[in-house]
Enquirer: 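Before we start, here is the structure in question, set down as structure tokens.
Proteins get letters first, then strands, A, B, ... in listed order; numbering begins at 1 in each. What you see below is based on every heavy atom in this structure, not just the backbone, and it leaves out hydrogens, waters and symmetry mates.
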Amino acid sequence: MSRQSVAKAHQKIQELSWEPQYHTPVSHYGTDYTFQKAQKKDPLKQVLRSYFPMQEEKDHRVYGAQDGAIRGNMFRQVQERWLEWQKLFLSIIPLPEISAARAMPLLFRTVPNPELHNGQAIQMIDEVRHSTIQQNLKRLYMNNYIDPAGFNSSLRNFQNDYCGTIGRQFAEGFITGDAITAASIYLTIVAETAFTNTLFVAMPAEAAANGDYLLPTVFHSVQSDESRHISNGYATLLMALSDESNHQLLERDLRYAWWNNHRVVDAAIGTFIEYGTKDRRKDRESYAEMWRRWIYDDYYRSYLVPLEKYGLVIPHDLIEEAWNQIWNKGYVHEVAQFFATGWLANYWRIDPMTDKDFEWFEYKYPGWYDRYGKWWENYNRLSKPNGHHPIVAENVDYVYPHRCWTCMVPCLVREDMVMDQVDGQWRTYCHEECRWTDAVAFRPTYQGRETPNMGQLIGKREWETLYHGWNWADVVSDMGYVRDDGKTMVAQPHLDLDDPKKLWTLDHLRRMPEVQSPNVLLNQMSDAERAAFVADYNRQGPAGRPAPAAS
Amino acid sequence: MTETQERSVPKPEFTDAEAGAKVFPDSNARSYNYFKPAKRKQTHYEDVTVEVQPDPRHYLAQGWLYGFADGRGGYPLDWTALKAWGSDRPEPERFPGSGGKGYEWPAHGWHEFRDPNEEWELTFYRYNSNVVRQVNQNVENARQAKAFEQWNPNWVNFVARNVGAWMHVDHGLGLYLYANAQRRAPTNMHNNAISVNSMHRIRAAQDLALYNLTLTEEVPGFDGSAHLETWNSDPAWQGVRAAAEQLTSIWDWAEAIFAGNVVFEPLVGELFRSHLVQQIAPRNGDFVTPTVVGVAEYDFAERDLRYTTAMFGLLTTDKEFADHNKSVINGWLAKHVPTAIDAGRKLQPLWSQTDAKPPRFEDSLDAAKSRFAGILNSLHLDVPKELSQ
Ligand SMILES: [Fe+2]
Ligand SMILES: [Fe+2]
């Protein structure tokens with residue numbers, strides 16, 4: 001269609017919407033925001049007559065590339081270190097995608113501007129596209145990659161694994177609670193506008209460097225829909241800003257959404273990009289460098305800051321703090337170390353780091369070896385079964401961490417851990433901001449104001465609770481992370497598939513000490529013990545090292 | 001928002017990481033193993049759809065993490081009054097040392113539904129691209145062949161007003177019934193099928209609107225805004241409008257889908273499309289409108305109704321709750337059939353507005369009713385007495 005006919009077509013479809021006269025439409029979702037009904041321009045001008053063929057054309061490219069990859073036997077050049085982490089990533093991401101689809105109707109009644117609803121409906125089906133195209137990519141990996149274990153059990157695993165649970169926030173946060181907090185601020189303004197860059201652009205670039213050009217093909221295709229979604233969010237945000245009484249809630253939600261996205265996305269994607277790659281060329285950007293460019297410069301400086309003049313209170317302190325966590329406090333390294341500590345409770349294999357990796361880390365993150373080098377040497381030493389336990393039960397100068405009740409990533413930057421008694425339970429949080437999210441933000445009042453539509457944090461948020469007192473072999477069988485011989489584990493702390501004797505089995509786990517839930521233990525302590533626990537914990541680290549003996 | 005930047009990539013390295021390169025436990029386990037396929041072999045559609053939306057009753061060990069203000073998260077089963085076997089069992093309790101296990105998959109009957117259209121990304125865009133191409137081409141051919149010149153003024157008026165008015169039905173239901181409902185059903189299979197349904201209706205609305213735009217440009221005397229006045233105040237259309245509004249006011253997602261696809265579409269949608277427009281357009285020298293209306297007719301009859309009967313057929317034959325479901329549905333029928341019949345009857349004046357006459361209204365309505373009765377029959381439901389109105 002010509003530009004002129006697109007404009008006319010778009011004008012015409014504005015005639016479609018109408019106001020009910022006889023019945024009130026059902027209102028399933030609430031918000032504490034207020035919106036004035038105002039004639040608004042649909043920012044997208046998307047007409048299905050051109051939308052469908054455009055998407056079909058993108059599909060041709062994706063499926064063409066997939067056929068080519070199989071014909072050309074791409075998997076002979078794919079790095080296993082990389083593809084193993086895709087077992088985690090691709091188990092999680094189809095749910096956030098489909099949840100974004102499910103989130104769209106939360107905005108229909110709460111934002112009373114029918115001009116925006118057309119764009120939201122198209123986003124809905126875009127997200128169905130994303131979810132199924134990603135499931136399909138995973139299926140292709142399962143069929144063509146050397147080790148299908150973990151891909152084949154993907155959607156069972158992500159539902160009961162603690163990493164899957166961490167990632168699930170990135171979906172459930174879109175579809176529950178205050179409709180605007182969820183479907184607009186958390187989903188569109190923060191997750192899509194800021195973090196899809198690392199998810200769908202930075203990570204695929206790393207995939208290509210590891211011999212996998214299908215992930216980029218699929219995810220660039222996904223990302224090409226994202227600018228429309230970002231416009232959806234922007235239009236809603238501007239409307240929210242136009243009502244003074246929303247500013248307090250916007251400030252709250254931006255703080256929560258920013259911090260939670262940082263905790264969750266930077267943990268996962270940071271680990272994939274830094275520890276899942278074999279590309280150790282010094283001129284390749286580190287995750288920190290990518291973050292600085294894409295999140296700090298492009299999102300924060302170019303997108304958020306200009307909104308300040310409309311009255312948006314921007315969490316400058318938290319943006320700087322996220323950077324501080326990544327650059328000074330080793331957030332990504334701490335997370336990767338923890339994932340590797342807990343390799344036995346997962347459904348992918350984690351490759352040990354080598355001297356070449358060490359050198360790159362030291363170059364990109366000066367001081368890395370002093371902090372993490374020894375531990376990774378131990379990981380390597382303990383990677384093949386040889387009469388010892390998995391690393392989590394060996395003495396390698398690592399204190400098993402407590403979980404953050406809010407973001408569910410463990411409290412890894414030990415000095416930042418805070419404890420609070422909330423809803424009658426002692427809880428640990430990775431950072432004051434996560435405590436605030438649970439104890440202050442997700443409550444029916446906020447700074448003296450009624451917020452009856454605000455959601456709640458629910459669920460069994462500490463994974464270890466469920467397995468308190470269990471033998472590890474039973475834990476792994478209960479979760480189903482066992483291969484088809486009935487005893488070899490899906491997870492392995494190395495990539496060597498040549499010799500079955502090098503593969504860990506349930507029998508190796510049987511001899512380990514039982515799982516203990518840090519949170520259950522915390523709640524059994526006396527007040528004095530708890531105070532001592534916090535004091536000690538805050539003196540631990542980096543790299544999970546025990547607190548130095550009191551001098 | 002960031003442009004993709006080309007980055008230099010290291011030289012390819014041979015890793016031999018392809019399927020079959022080595023033999024070890026699971027080396028041949030190349031199918032998704034967390035669900036039972038509906039037929040013997042799992043389909044591509046199932047692979048990309050089943051279990052994406054988790055369920056605390058089987059695998060979701062830590063439960064839902066974020067809730068609404070009332071503390072309920074996810075997709076509560078009681079967002080509809082219908083039940084599938086297993087629905088009444090309590091959610092598995094998890095507590096310190098409980099382990100993660102829930103009920104054996106699928107845990108309840110909702111997970112047994114499969115969309116017989118097997119819609120996912122690839123099929124969806126292929127189908128709808130073909131539709132918009134086809135509609136475009138038909139309208140464009142007609143324009144070039146000057147096919148609209150044969151229309152007499154009464155017919156021009158009929159298309160402007162009545163065919164035009166239907167775009168509002170499609171648009172309103174597409175968004176506020178179907179798109180709204182796809183947040184609420186208990187499995188990904190339901191919600192994806194419903195979102196596809198939603199897009200059919202939104203697309204059909206745009207098809208009609210853009211057709212209306214072309215006619216405005218091409219046909220002298222064609223009033224491109226007449227559809228608005230018709231929809232807003234023509235008494236013949238106010239029954240349809242009230243019925244459509246009633247559909248968007250339904251709280252229960254399954255009731256909304258049922259009332260939309262089992263009651264309203266056969267008794268009102270097909271009455272208008274199949275038993276009026278498609279019948280009289282050719283007699284009035286119009287061979288184009290039927291091709292535009294025909295794709296919506298096909299969407300419903302061949303695809304949307306198909307998933308709907310599969311979805312409700314499972315529930316009316318459920319091994320535990322068939323009777324419960326049938327009695328709930330009978331209540332829905334008693335509520336929605338009279339509204340639909342009323343909407344259909346109010347449309348009656350349309351049957352005498354054109355020069356070349358359609359079949360008798362009562363014959364059209366009877367045809368629609370018997371189609372409706374047939375659908376109920378296939379769902380093992382009795383025809384409600386309200387149908388005789
Ligand atoms: Fe998406
Ligand atoms: Fe946290």
Enquirer: Given side chains that start at C-beta, do those of Tyr32(B) and Ser153(A) come closer than 4.5 Å, heavy atoms only?
Expert: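 Side chain of Tyr32(B) against side chain of Ser153(A), heavy atoms only: no contact under 4.5 Å found.
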Enquirer: Are side-chain N/O atoms of Tyr162(A) and Gln62(B) paired as donor and acceptor at under 3.5 Å?
Expert: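 Per modelled atom types, Tyr162(A) and Gln62(B) side chains form no pair under 3.5 Å.
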Enquirer: I'd like to verify something: which residue of Pro94(A), Gly455(A), Pro148(A) has the highest number of heavy-atom pairs under 4.5 Å with chain B?
Expert: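 Greatest number of close heavy-atom pairs with chain B: Pro148(A).
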Enquirer: Just so I understand: if I count every heavy-atom pair under 4.5 Å between each of Gly73(B), Pro56(B), Ala179(B) and chain A, which residue has the most?
Expert: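 Of the candidates given, the most pairs with chain A belong to Ala179(B).
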Enquirer: Do you know which of Arg280(A), Glu97(A), Arg284(A), Met104(A) has the most heavy-atom pairs with chain B at a distance under 4.5 angstrom?
Expert: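 That would be Arg284(A).
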Enquirer: Taking every non-hydrogen pair under 4.5 Å, which of Asn212(B), Thr49(B), Leu228(B) racks up the most with chain A?
Expert: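 Going by pairs under 4.5 Å, I would pick Asn212(B).
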Enquirer: Compare every heavy atom of Asp55(B) with every heavy atom of Gln159(A), then report the nearest pair and how far apart it is.
Expert: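 Smallest heavy-atom distance, with atoms named: OE1-N, 3.4 Å.
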Enquirer: Is it the case that the side chain of Gln456(A) and the backbone of Asp70(B) share a donor-acceptor pair, with hydrogens and angles ignored and the cut-off at 3.5 Å?
Expert: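 No.
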Enquirer: Find the one option among Gly172(B), Ala181(B), Gly99(B), Gly102(B) whose heavy-atom pairs under 4.5 Å with chain A are most numerous.
Expert: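 Winner by heavy-atom pair count: Gly99(B).
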Enquirer: Apply side chain to side chain contact (heavy atoms under 4.5 Å, CB included) to Tyr63(A) and list each qualifying residue two or more places apart in sequence or on a separate chain.
Expert: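 By the side chain to side chain contact (heavy atoms under 4.5 Å, CB included) rule, Tyr63(A) matches Asp59(A), Gln66(A), Ile133(A), Asn136(A), Trp120(B), Glu121(B), Leu122(B).
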Enquirer: Need one label for Glu217(B): side chain, backbone, both or neither, based on atoms under 4.5 Å from any heavy atom in chain A.
Expert: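 Only the side chain of Glu217(B) comes within 4.5 Å of chain A.
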Enquirer: Looking only at atom types and distance, does a side-chain atom of Trp470(A) sit under 3.5 Å from a main-chain N or O of Gly97(B), one as donor and one as acceptor?
Expert: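 Confirmed, Trp470(A) side chain pairs with Gly97(B) backbone.
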Enquirer: Can you check whether Arg168(A)'s main-chain N or O pairs, donor with acceptor, with Tyr66(B)'s side chain at less than 3.5 Å?
Expert: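 Side chain of Tyr66(B) to backbone of Arg168(A), a donor-acceptor pair under 3.5 Å: no, none is there.
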Enquirer: Are the side chains of Tyr176(B) and His117(A) in touch, meaning some heavy atoms are under 4.5 Å apart?
Expert: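 With C-beta onward as the side chain, the pair touches.
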Enquirer: Indicate whether any N or O donor in one side chain lies under 3.5 Å from an N or O acceptor in the other, for Arg30(B) and Asn152(A).
Expert: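 There is no such pair (donor and acceptor under 3.5 Å, judged by atom type) between the side chains of Arg30(B) and Asn152(A).
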Enquirer: Does any N or O in the side chain of Thr176(A) come within less than 3.5 Å of the main-chain N or O of Phe68(B), such that one atom is a donor and the other an acceptor?
Expert: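 No; judged by distance alone, with no hydrogens or angles, the pair does not exist.
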Enquirer: Any side-chain to backbone donor/acceptor pair from Arg483(A) onto Pro25(B)? Under 3.5 Å, distance only.
Expert: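 Yes, Arg483(A) side chain to Pro25(B) backbone: donor-acceptor pair under 3.5 Å.
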Enquirer: Which one wins on heavy-atom pair count under 4.5 Å against chain B: Thr165(A), Asp485(A), Leu503(A), Asn453(A)?
Expert: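 Max contact count across the listed options: Thr165(A).
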Enquirer: Just checking Phe52(A) against Phe124(B), ring centres under 6.0 Å apart?
Expert: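 Under 6.0 Å, so yes.
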Enquirer: Are side-chain heavy atoms of Arg102(A) and Ser195(B) found at a separation under 4.5 Å?
Expert: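 They are in contact (side-chain heavy atoms under 4.5 Å apart), so the answer is yes.
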Enquirer: Are His28(A) and Trp253(B) side-chain neighbours, meaning at least one heavy-atom pair lies under 4.5 Å?
Expert: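 In short, these two side chains do not touch, never coming nearer than 4.5 Å.
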Enquirer: Report yes or no: does Arg156(A) contribute a side-chain atom to a donor-acceptor pair with the main-chain N or O of Asn33(B) at less than 3.5 Å?
Expert: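 Not a single qualifying donor-acceptor pair exists.
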Enquirer: Evaluate the side-chain proximity of Met408(A) to Leu65(B): yes if any heavy-atom separation is below 4.5 Å, no if none is.
Expert: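 In contact.
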Enquirer: Is a side-chain N or O of Trp18(A) found less than 3.5 angstrom from the main chain of His168(B), in a donor-acceptor match?
Expert: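 Pair found, side chain donor or acceptor close to backbone of His168(B).
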Enquirer: In terms of heavy-atom pairs under 4.5 Å with chain B, which of His468(A), Met454(A), Arg281(A), Glu285(A) leads?
Expert: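 So the answer, after comparing His468(A), Met454(A), Arg281(A), Glu285(A), is Arg281(A).
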Enquirer: In plain terms, say whether Arg76(A) and Glu13(B) are close enough for a salt bridge, that is, a side-chain N and a carboxylate O under 4.0 Å apart.
Expert: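 Salt bridge flag = no for Glu13(B) with Arg76(A).
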Enquirer: Donor-acceptor pair, Lys12(A) side chain versus Gly224(B) backbone, under 3.5 Å?
Expert: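 Indeed, once roles are kept as given, a pair shorter than 3.5 Å links the two residues.
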Enquirer: Do the non-hydrogen side-chain atoms of Pro10(B) and Asp279(A) ever get within less than 4.5 Å of each other?
Expert: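 A side-chain contact exists here, since the closest heavy-atom pair is under 4.5 Å.
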Enquirer: Does Ile13(A) offer a backbone N or O that forms a donor-acceptor pair with the side chain of Gln206(B) under 3.5 Å?
Expert: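 No; zero donor-acceptor contacts below 3.5 Å.
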